[in-house]
Amino acid sequence: MTRHHQNHRVEKFRSFDISDNITVVQCPFSFCAKISQNLKDFLQHLKAHIVQGNEVLCPFEGCSLTFRVKSSFSSHLTRNHKACSNRRVHSDLLIHESEHDTHNQNFNQEIDIDEVTLNNLDIDNSEQENEVEENLSELLLKNLALFYLKLTAKHHMPATTVQMVICEIQAMHGLSQNCMKQHIEKKMKEKLISDTDINDITEEFSVNDIFDTVHADKGPLSTEYRRKQFYKENFNYVNPIAICLGHDKDNIKRHFEYVPVIETIENLLKDSSVKEQFQNPLPSQEGVLRDFMDGCVAKQNLLFIELPNAIKIILYQDSFEVVNPLGSAKKKHKILGVYLTLGNIYPQNRSKIDQMQLVLLIREVDFKYFGQEAVFRVLVKDLKKIEETGVHFENEYVRGTVAMFLGDNLGSHCIAGFVENFSSCVYICRFCLMESEAFISGNIYDIYPQRSPENYKEDLAELEKNPVLNNYHGIKFDSVFNELEYYHVCSPGLPPCLGHDLFEGVVHYDLALFIKYMVKDKKFFTYPYINQRIATFKYKGSDANNKPGTLSDQGNKLGGHAVQNWCFLRLLPLLIGSKISDTSDPVWKLTLLLRTIIEAVCAPEITLTQVAFLKVKIEEYLEQRFFLFPENALRPKHHYLAHYPRLILQFGPLIRVWTLRFESKHSYFKKCARYSQNFINICHTFAERHQLLQAYLSNGSLFSVSVNVDNAIPFNVGLYNDKIRNAFMAHHTSSEAVVTSLKGKVNGINYEKDLYIVIECSRYTLVLGCIVMLFQHCTAAICFLVKKVDAEYDNEMGYYKIIQAGEPVYECVSLSSLKSHCCLPAYRVNNVNDEVVVLKHAILES
């Protein structure tokens, strides 16, 4: 009898073995979260997700490979997880993690139990079954709520449409339940079960139907109001607060929406991917600027010196129009928004829109009427608390402060209390005390006294002595943000935006001026010719998403937006290079000089030597621009460009602080306005929708897997020739657990076959690698099999010519060893086989 009980006991423990058929496993996708009762069904379910186009992470512990092809996933399971020892499902996916762990500790032990123990075990199992039912009910409720929340917040579906979808699903669910009841009744009658028992059993279906219960008259998901209440109570929802400003000139009571900053940051730090980046900051390298923390502004911040792990808050403000800017309602619904991100997040992730948090929304007309003090007072109060007390994070309080306040020139001047009229004011620079008369002489270099917290305070004192003055040295009033202990607008705390200064400023006007000269003075080509080249040019890679706009024959400015103008300047030698009969022409040289400056300014990492070189080139450009086109006056943005070398030393690479990605955040609110068609208290509608979206996103991870390899298959080294095999084996000790693909994405950058990566760099030559295939090891490390080629710089055209070699040289190159993570397409020029590459930014020399 004892042996019989012992065998039963062993079977009880084996029921939790991940290799058996009754493991309870949950789907990792938040929109699905299906429960599988055994491992076989779970793996089949994951394969179904792959077929639907989802990327699946291998569910077994110690494996981080992802798959988009069903056959690759099946092959991987067969090769790497066939043995039971390699089939331990990740604990996060197990419904009964504690029981599973207990089993692993006691699995092979011989246990003697008596009849009483076995009975108690049955009682425990009954309790566990009840607990499973409760967990499943809660899981279904949560996933239904997430589904409805996704329709509302992410896809902007109106509440009436969501309610209609729910009603239709309920109707279909009812039909499905009736079909199921009929089938069960038929089977039970075949088993000679009495009608009374059949009725009792089928009645249980109706009484315990979770779907019907949550949608009943008073169910938590029955109405739009109850659904919102459920979202706010059960998800990480930060409630926006409507703050009264008072009555406007029409005696109408006005409000603005404020999302508490402290709660926002605390919720953001709960995300596992944000927490990991917060706790593991990127290391710095001596002599190289990679992020704003490498700049002297951050290095000299007293709080960041005292607390290296302090919270670095980056704020951004801008006004945006949510209706047709050419329509009758233009400016009526113009909104000023303030967003927030953390400087502790890695630079490549700060550009992702989902992690950008909303701080404040107000109608621009109300902001102008009530003023900065009334609107920003509550924000500054919370920022002071963060400086003094901190935010709660992992059982402690972590202090922080504002690292910088981003915006375009108009917005930054507004925040700082400077004049916002750039055409008539004498002092138009927030970085120095240059007077506007300098534009007449062209003396707009970085040679004037720099603004500082000290002279800012002195100018305010002079302004108080002479109240009749509208401004003094360009200052109108003291910024409310200067009340912070560790931040000041002139520390400096308002970095430039190269998108506005260069691509919508200097490049926008100067390049149009240069082309006009080439067309009308030199007659190198015509406007129809260059427009035809722009339209028919075969753009590759990321350039295909940013095709330049066509040019007007007036030639006053370019026709594209910022990134289109960037693309146009880069590819200009390919578009018109064959028509430049005199490459020594000073305007053509000036055009190439502008390209060189842009490459340095847009570099994601830059050395101190390159900054010094950039300063020389900018001064040369401004001097030549003034000399060659004296009738076309220099603009304020030319002067801002003169400050860029100094600003790079202060803020790090300026591409890290440009505002164009923040501007993309506006599109969410514009979609809200377009789909809701409700402009009554529009700021409240926007704020609530956005916070519901953040509540939805908080149930997953803000930052997905940084490495995605498409259509990967196991790498079989025996299928390739000796050169490829030798190159692979020189980099890898074995082909085990290695997959290969022709394309992949790493940190948002697409790498594909036949695109080029930079392996080595010197002043005038590059060593490039033409991608043959990508490899990914089970550790998620990425490397590339490339054909190595050399490229030489062409001084007359500003691009690199690829030198065609004899026998190809293959080599495996790791991602970390690249001189630039940028992936470059090769273009053919002069209707021959010559291939060239055009850099997107300057590269660190080897």
Side-chain angles (χ1 to χ4, degrees), residues 29-31 54-55 57 66 150 153-156 236 238 259 261 264-265 267-282 290-293 311-318 320 337-359 403-404 406-407 497-499 542 545-546 562-563 602 604 652-672 689-708 744-751 780 782 815 821-823 840:
F29 291 99
S30 61
F31 59 82
N54 297 311
E55 184 179 41
L57 177 69
T66 58
K150 184 177 183 180
K154 192 171 182 66
H155 297 294
H156 306 284
N236 290 328
V238 180
V259 182
V261 168
T264 297
I265 296 176
N267 270 345
L268 194 57
L269 291 174
K270 290 177 183 177
D271 185 276
S272 58
S273 55
V274 175
K275 186 190 301 183
E276 180 181 358
Q277 296 172 73
F278 180 79
Q279 295 174 330
N280 300 282
L282 293 175
R290 288 197 169 96
D291 198 8
F292 79 96
M293 284 303 298
I311 295 173
K312 288 91 177 175
I313 300 172
I314 299 175
L315 295 173
Y316 166 79
Q317 65 80 32
D318 189 24
F320 57 95
V338 179
Y339 307 143
L340 171 150
T341 187
L342 296 183
N344 308 81
I345 296 173
Y346 296 162
Q348 66 269 20
N349 289 332
R350 290 203 298 269
S351 64
K352 298 181 185 296
I353 295 175
D354 286 344
Q355 61 83 28
M356 298 175 186
Q357 304 297 309
L358 177 64
V359 175
M404 55 186 135
L406 308 184
C497 174
L498 62 88
S542 60
N545 299 325
N546 302 298
V563 183
C602 294
L654 297 184
I655 196 71
R656 302 298 192 194
V657 296
W658 76 337
T659 66
L660 296 193
R661 289 306 297 156
F662 279 100
E663 288 188 4
S664 299
K665 187 76 171 180
H666 298 335
S667 62
Y668 177 79
F669 300 110
K670 294 178 182 180
K671 288 180 181 178
C672 284
R689 283 288 183 92
H690 181 271
Q691 292 310 106
L692 288 173
L693 173 64
Q694 293 302 317
Y696 170 76
L697 294 173
S698 68
N699 280 273
S701 177
L702 278 177
F703 305 108
S704 57
V705 179
S706 59
V707 178
N708 297 322
K745 179 181 286 189
V746 183
N747 291 328
I749 300 175
N750 290 311
Y751 296 89
I782 285 285
L815 179 68
H821 288 172
C822 193
C823 208
K840 290 185 178 179

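- Considering all non-hydrogen atoms of both residues, Ile345 and Gln355 come closest at CD1-OE1, 3.4 Å.
- Two residues are said to be in side-chain contact when any heavy atoms from C-beta on lie closer than 4.5 Å; Val746 and Ile749 fail this criterion.
- Asp354 meets the salt bridge (charged side-chain N to carboxylate O under 4.0 Å, His left out) test with no other residue; sequence neighbours excluded.
- Using a 4.5 Å heavy-atom threshold, the side chains of Thr659 and Asp318 count as separate.
- Judged as a salt bridge (charged side-chain N to carboxylate O under 4.0 Å, His left out), and not counting sequence neighbours, the contacts of Arg290 are Glu605.
- Qualifying ring-ring contact (aromatic ring centres under 6.0 Å, His included) partners for His666, counting only residues two or more places apart in sequence or in other chains: Phe320, Tyr339.
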Working for side-chain contact (heavy atoms from CB on, under 4.5 Å), residues Tyr751 and Ile782 = CA-CA 11 Å; Tyr751 296 89; Ile782 285 285; over 6 Å; no

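- For Asp271, the side chain to side chain contact (heavy atoms under 4.5 Å, CB included) partners two or more places apart in sequence, or in a different chain, are Ser273, Val274, Ser701, Leu702.
- For the atom pair CG (Leu340) and CE (Met356), the distance works out to 11.0 Å, reported to the nearest 0.5 Å.
- Formation of a donor-acceptor pair under 3.5 Å by the Lys312 side chain with backbone atoms of Asn344 is not found in this model.
- Pairing each heavy atom of Ser351 with each of Arg661, the nearest pair is O-NE, 2.9 Å.
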Test Val563 against Asn545 for side-chain contact (heavy atoms from CB on, under 4.5 Å), laying out the working first.
-> CA-CA 10 Å; Val563 183; Asn545 299 325; over 6 Å; no

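- A pairwise comparison of heavy atoms in Tyr668 and Arg689 identifies OH-O, 3.2 Å as the closest pair.
- Checked against side chain to side chain contact (heavy atoms under 4.5 Å, CB included), Asn267 has the following partners two or more places apart in sequence or in another chain: Asn236, Val238, Lys270.
- Residues Ser542 and Asn750 fail the side-chain proximity criterion, which asks for heavy atoms closer than 4.5 Å.
- The line from CG of Asn747 to NE2 of His821 is 8.0 Å long, rounded to the nearest 0.5 Å.
- Ile655 and Pro604 make their closest contact through CG2-CA, 3.8 Å (heavy atoms, listed as atom of the first residue, atom of the second, distance).
- Remark: Lys671 engages no residue in a salt bridge (charged side-chain N to carboxylate O under 4.0 Å, His left out) (not counting sequence neighbours).
- Under the side chain to side chain donor-acceptor pair (under 3.5 Å) criterion, Asn546 pairs with no residue, sequence neighbours left out.
- Considering only heavy atoms from C-beta on, Ile314 comes within 4.5 Å of Leu406 through its side chain.
- Every residue two or more places apart in sequence or in another chain that forms a side chain to side chain contact (heavy atoms under 4.5 Å, CB included) with Glu276 is listed here: Asn280.
- When the side chain to side chain donor-acceptor pair (under 3.5 Å) test is applied to Gln277, the partners found at least two apart in sequence or on another chain are Asn349.
- Aromatic ring orientation, Phe662 versus Tyr316: parallel (interplanar angle below 30°, classes split at 30° and 60°).
- When every heavy atom of Phe292 is checked against every heavy atom of Ala403, the shortest pair comes out as CE1-CB, 3.8 Å.
- Distance NZ/Lys745 to SG/Cys823: 12.5 Å, rounded to 0.5 Å.
- For the residue pair Gly407 and Cys497, the shortest heavy atom distance occurs at O-CB, 4.2 Å.
- Here Gln348 pairs with nothing under the side chain to side chain donor-acceptor pair (under 3.5 Å) rule; sequence neighbours left out.
- Ion pairing of Asp291 with Arg350 is present here, as a side-chain N (NZ or NE/NH1/NH2) and a carboxylate O approach within less than 4.0 Å.
- Using a 4.5 Å cut-off on side-chain heavy atoms (C-beta onward), Thr66 and Leu57 make contact.
- With sequence neighbours excluded, the residues satisfying side chain to side chain donor-acceptor pair (under 3.5 Å) with Lys275 are Glu394.
- In terms of the side chain to side chain contact (heavy atoms under 4.5 Å, CB included) criterion, Ser667 has no residue partners (sequence neighbours excluded).
- Note that the CG atom of Leu697 and the CG atom of Leu693 stand 4.5 Å from one another [nearest 0.5 Å].
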